[in-house]
*Asks:* 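Pasting in a structure now, in structure tokens, and then I'll have a few things to ask.
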Amino acid sequence: MGLKQNLHNLKEKYKGTKMAPAFNAIHTFLYLPNETTHNGTHIKAADDLKRTMNIVIMSLVPCLLFGMFNAGYQHHLALGDIQSVSSGFFSGEFWSIDNFMVGFWKIIPLVIVSYGVGLLVEFIFAVIKGHEVEEGYLVTGMLVPLIVPIDTPLWMLSVAVVFGVVIGKEVFGGTGMNILNPALTIRAFLFFAYPTWMSGDKVWVKGAVERDQLIAAGENLDAISGETVLGSLAKTQPYNYDVSEMFFGFIPGSIGETSTLLILLGGLFLIFTKIGSWRIMLSAVIGALVMGFLFNSVVDADIITSGSKFYGLMSLEFWKHLLVGGFAFGVVYMATDPVTASQTNKGKWIYGFLIGFISIAIRVFNPAYPEGVMLAILLMNVFAPTIDHYVVQGNVKRRQKRLKAKTA
Amino acid sequence: MSQDIRIKKGLDVKLVGEADKTTATIPLGSVYAVKPDDFHKITPKLLVKVGEEVQAGEALFYNKANEALLFPSPVSGEVIEIVRGAKRKVLEIKILADKKQQFKDFGKKDASALSGEEVKAHLLAAGCWPFIKQRPYDVVANPEGQPKAIFISAYASAPLAADLDYTLQGKEAELQAAVTALTKLTEGKIHVSVSKNGNSPLAGLNGVSLHKVSGPHPSGNVSTQIGKIDPINKGEVVWVVTPQDLVIIGELLLTGKFNAKRTVALTGSKFSNPSYVEVLIGATIADIVTTNLDETNERIISGNVLSGTQVNKNGFLGFYDNQITAIPEGDDYEFFGWNKPVFNKISNSRALTFSWLTPNKKFDLNTNTNGEHRAFVLTGAYEQVFPLDIYPMQILKACLYKDLDEMEALGMYEVAPEDFALTEFICVSKQPHQQIIREGLDLMLEEIG
């Protein structure tokens with residue numbers, strides 16, 4: 001037991017020093033600590049925060065791998081190297097090593113930068129403040145590369161990660177104390193600081209920005225573009241994807257958000273393991289369907305006609321809203337963040353519903369950027385404590401009523 | 001009027017080492033001790049000195065705040081040591097037991113002929129009052145108080161708990177005498193809860209309101225039953241007595257003697273032969289466990305694994321405990337213990353933990369925390385094992401930031417630390433829930449009273 005004993009000796013040596021949290025973070029990554037209970041319950045259940053976070057990361061891996069294939073697929077498709085998929089989810093055009101390698105070399109640096117920068121900030125704060133390194137960033141660090149466009153420059157990502165971790169989380173006291181979802185704070189920072197890199201038709205396919213710059217410099221090349229479904233609809237242009245392509249995820253978009261199928265499987269896995277809240281996921285879907293249905297009704301009633309700039313998105317069949325854009329990814333992986341969501345079960349229903357409802361509203365009414373789930377979740381993050389307050393007040397009132405009935 | 005109680009929220013923690021239904025009588029041990037810490041928030045004023053002889057039932061100390069509240073010696077013998085801690089706090093009063101036990105005679109009483117004041121005076125004088133605890137605050141009942149009801153839970157649902165149907169067999173006469181006495185102490189009802197599927201000696205008692213309880217732990221916790229039957233409102237007090245203590249009260253009334261004998265379950269995987277023994281309160285653990293215990297890296301607990309107190313072999317059986325549990329210590333590292341699939345530990349989730357596949361399997365859990373202390377992160381899990389109409393995480397946080405108004409509004413009068421044992425057990429952030437609630441209750445007791 002050489003390694004175990006050596007690490008134990010090192011831990012004892014570092015105990016009480018400034019660097020102890022940094023060492024412990026690495027130590028506890030390798031070994032479940034030897035801590036025992038003292039007072040209170042003498043036994044503890046098997047789960048800890050690391051295990052919990054690990055489950056979320058596991059559920060994200062399929063989206064990450066799919067994102068790599070899709071990055072290559074969109075790239076080659078835009079260049080005209082390959083044909084679009086023809087035979088369902090397991091089409092050979094999509095699942096090729098060639099596609100994978102394009103995405104792999106593009107996405108792995110994003111993952112490394114996200115984890116590297118984020119964990120560095122976490123370690124620094126842990127050492128300064130003398131608390132243990134918390135596990136929250138393990139999930140955030142995986143989410144961030146999945147919700148940015150493929151061509152996001154690494155320096156931009158680094159700046160955003162530093163901002164998101166410091167302002168979004170550490171200033172409040174770390175994991176468990178933050179008000180806003182850190183991954184979305186990072187994305188919102190990118191979105192507002194570098195809007196040209198986060199929206200439009202040039203950012204979703206690898207190489208499109210670069211190609212554009214070359215053309216601007218006078219080279220004789222065809223522009224490549226890949227407009228998202230929502231982007232097309234916002235311009236009331238037709239989109240060229242059928243339902244199965246949208247559901248399987250063979251469409252342009254942020255790296256991990258496109259495959260509704262894999263997100264659905266990930267969501268079911270989270271629900272099954274009791275890590276993700278089914279209440280939030282279900283109520284958000286209901287909220288989105290209700291809003292989508294309302295918009296469809298408005299179109300059906302001829303209140304909005306095809307001349308309107310809102311017509312494209314409003315006329316999208318209400319259930320298709322679930323398949324496109326980042327809605328599914330946001331609802332399954334972001335809205336369910338337990339720290340920033342409502343904490344009461346009743347509150348979760350309200351919180352989820354409003355996220356779905358507002359997401360679709362922002363989608364339709366925001367002309368600059370036709371996706372609303374990020375802003376809807378951030379908005380509801382802010383309102384979650386208020387929702388909880390009123391839910392808890394219901395319990396308090398019931399208690400007061402009981403007292404009154406007794407004394408009356 | 002009887003009202004059955006059925007709960008769904010909860011968790012049965014199934015462990016190996018359930019006690020066999022055989023009871024051994026253990027010869028009288030040498031040293032016994034009373035630990036004032038068993039009586040929360042009591043400041044002891046000693047009545048004995050080292051070297052004095054006491055009889056069984058004779059008071060060792062009284063409560064500083066109330067001189068009438070006496071705490072008895074479980075045995076007759078010589079006071080040999082008073083162990084003090086920091087600031088001369090009394091930790092243990094040790095008594096060397098006589099070979100032949102002398103009982104102080106308090107006189108036989110016919111409970112039905114006594115008035116409430118007489119019952120009270122008798123229980124106080126004979127040292128039986130500490131058996132009566134009160135809610136709110138989960139402390140020894142204030143003798144001046146007027147409870148709206150008295151609750152007795154004869155269904156122990158805690159892990160490996162002593163089967164009260166077995167240990168109280170044949171004690172019907174004592175139980176009835178004690179319950180008759182208790183009826184004089186309240187204008188309300190005496191609520192007795194028994195297991196729905198059991199055969200409790202308490203089921204046939206007269207003068208009580210009987211409830212049949214079913215469902216997972218904490219269905220046997222008295223707070224769960226109070227919450228279902230007659231929840232505590234602000235300003236109200238209920239009293240709580242455990243059935244094994246009722247037997248001692250009953251015996252006092254019937255014989256005039258304070259007989260601290262009780263049947264204790266020896267449970268847990270570290271006992272080679274988990275079974276029952278008949279011992280006196282305050283007995284030395286070593287005398288009780290004798291050769292039964294596997295002494296390799298073991299944790300001995302006076303009480304159950306969820307809310308008992310850690311003791312060592314030279315420690316003593318707690319005043320209220322009828323169970324000693326011994327489980328392995330978990331002071332070892334586990335390689336990649338946080339991410340590999342787990343089959344040998346209990347979990348409320350399915351996060352690569354597979355206890356949900358084997359709901360009837362008995363586990364051999366150790367004392368490892370299975371992770372480090374963190375801030376509260378996950379939500380919604382506590383509610384699955386917490387049957388009270390209270391928001392567990394919110395009330396814990398209110399205790400942490402010491403907001404008395406909020407603690408009161410969220411239902412602090414209705415809870416005891418043991419109610420948060422299961423939430424503490426499943427807590428992913430490994431927060432000390434019971435300690436948080438205890439400190440919250442203490443704060444309220446000081447500030448509101």
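Quick note on labels: first sequence line is chain A, next is B, and so on, each numbered from 1. Side chains are part of it too, since the values below use all heavy atoms of this structure and drop only hydrogens, waters and symmetry mates.
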*Asks:* Below 30° counts as parallel, above 60° as perpendicular, anything between as tilted: where do the rings of B:Trp338 and A:Phe29 land?
*Replies:*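 Plane angle between 30° and 60°, so tilted.
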
*Asks:* Quick one: which of A:His42, A:Lys274, A:Lys397 has the most heavy-atom pairs under 4.5 Å with chain B, could you say?
*Replies:*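 Sorted descending by pairs with chain B, the first entry is A:His42.
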
*Asks:* Which residues in residues 128-137 of chain A have a heavy atom less than 4.5 Å from any heavy atom of chain B?
*Replies:*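 The list, in residue order, reads A:Glu132, A:Val133, A:Glu134, A:Glu135.
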
*Asks:* So which heavy atom on B:Ile390 is nearest to which on A:Arg399, and how close?
*Replies:*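 Looking at all heavy atoms of both residues, the shortest contact is CG1-NH2, 3.2 Å.
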
*Asks:* For the CG atom of A:Leu49 and the CZ atom of B:Arg374, what is their distance to the nearest 0.5 Å?
*Replies:*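 Reported value, rounded in 0.5 Å steps: 6.5 Å.
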
*Asks:* On the 0 to 90° scale, with breaks at 30° and 60°, tag the A:Tyr31-B:Tyr333 ring pair as parallel, tilted or perpendicular.
*Replies:*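 A:Tyr31 and B:Tyr333: perpendicular rings.
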
*Asks:* Check this for me, if you would: do B:Asp332 and A:Lys4 make a salt bridge, where the nitrogen-to-carboxylate-oxygen distance has to be below 4.0 angstrom?
*Replies:*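 Yes, B:Asp332 and A:Lys4 are salt-bridged.
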
*Asks:* Are the side chain of B:Arg299 and the backbone N or O of A:Thr37 linked by a donor-acceptor pair below 3.5 Å?
*Replies:*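 Yes.
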
*Asks:* Under the side-chain contact (heavy atoms from CB on, under 4.5 Å) test against A:Ile43, which residue among B:Asn368, B:Ile327, B:Thr367 passes?
*Replies:*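 The side-chain contact (heavy atoms from CB on, under 4.5 Å) with A:Ile43 is passed solely by B:Ile327 among B:Asn368, B:Ile327, B:Thr367.
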
*Asks:* Evaluate the side chain to side chain contact (heavy atoms under 4.5 Å, CB included) criterion for residues B:Gln394 and A:Thr344: first the C-alpha distance (whole Å), next the side-chain angles of each, then the deciding distance (0.1 Å), finally the verdict.
*Replies:* CA-CA 9 Å; B:Gln394 279 72 12; A:Thr344 55; 3.8 Å; yes

*Asks:* In terms of heavy-atom pairs under 4.5 Å with chain B, which of A:Val392, A:Leu7, A:Ile275 leads?
*Replies:*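 Greatest number of close heavy-atom pairs with chain B: A:Val392.
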
*Asks:* Heavy-atom distances under 4.5 Å only: say whether B:Thr309 touches chain A with side chain, backbone, both or neither.
*Replies:*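 Just the backbone, heavy atoms under 4.5 Å.
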
*Asks:* For the residue pair B:Ser347 and A:Asp47, confirm or rule out a side-chain donor-acceptor distance under 3.5 Å.
*Replies:*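 Yes, because at least one side-chain N or O of B:Ser347 sits under 3.5 Å from a partner of the opposite role on A:Asp47.
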
*Asks:* Is chain A contacted by the side chain of B:Glu424, its backbone, both, or neither, given a heavy-atom distance below 4.5 Å?
*Replies:*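 Both the backbone and the side chain of B:Glu424 come within 4.5 Å of chain A.
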
*Asks:* Salt bridge check, A:Arg402 against B:Glu414: does any charged N sit closer than 4.0 Å to a carboxylate O?
*Replies:*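 The answer is yes: the pair qualifies as a salt bridge.
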
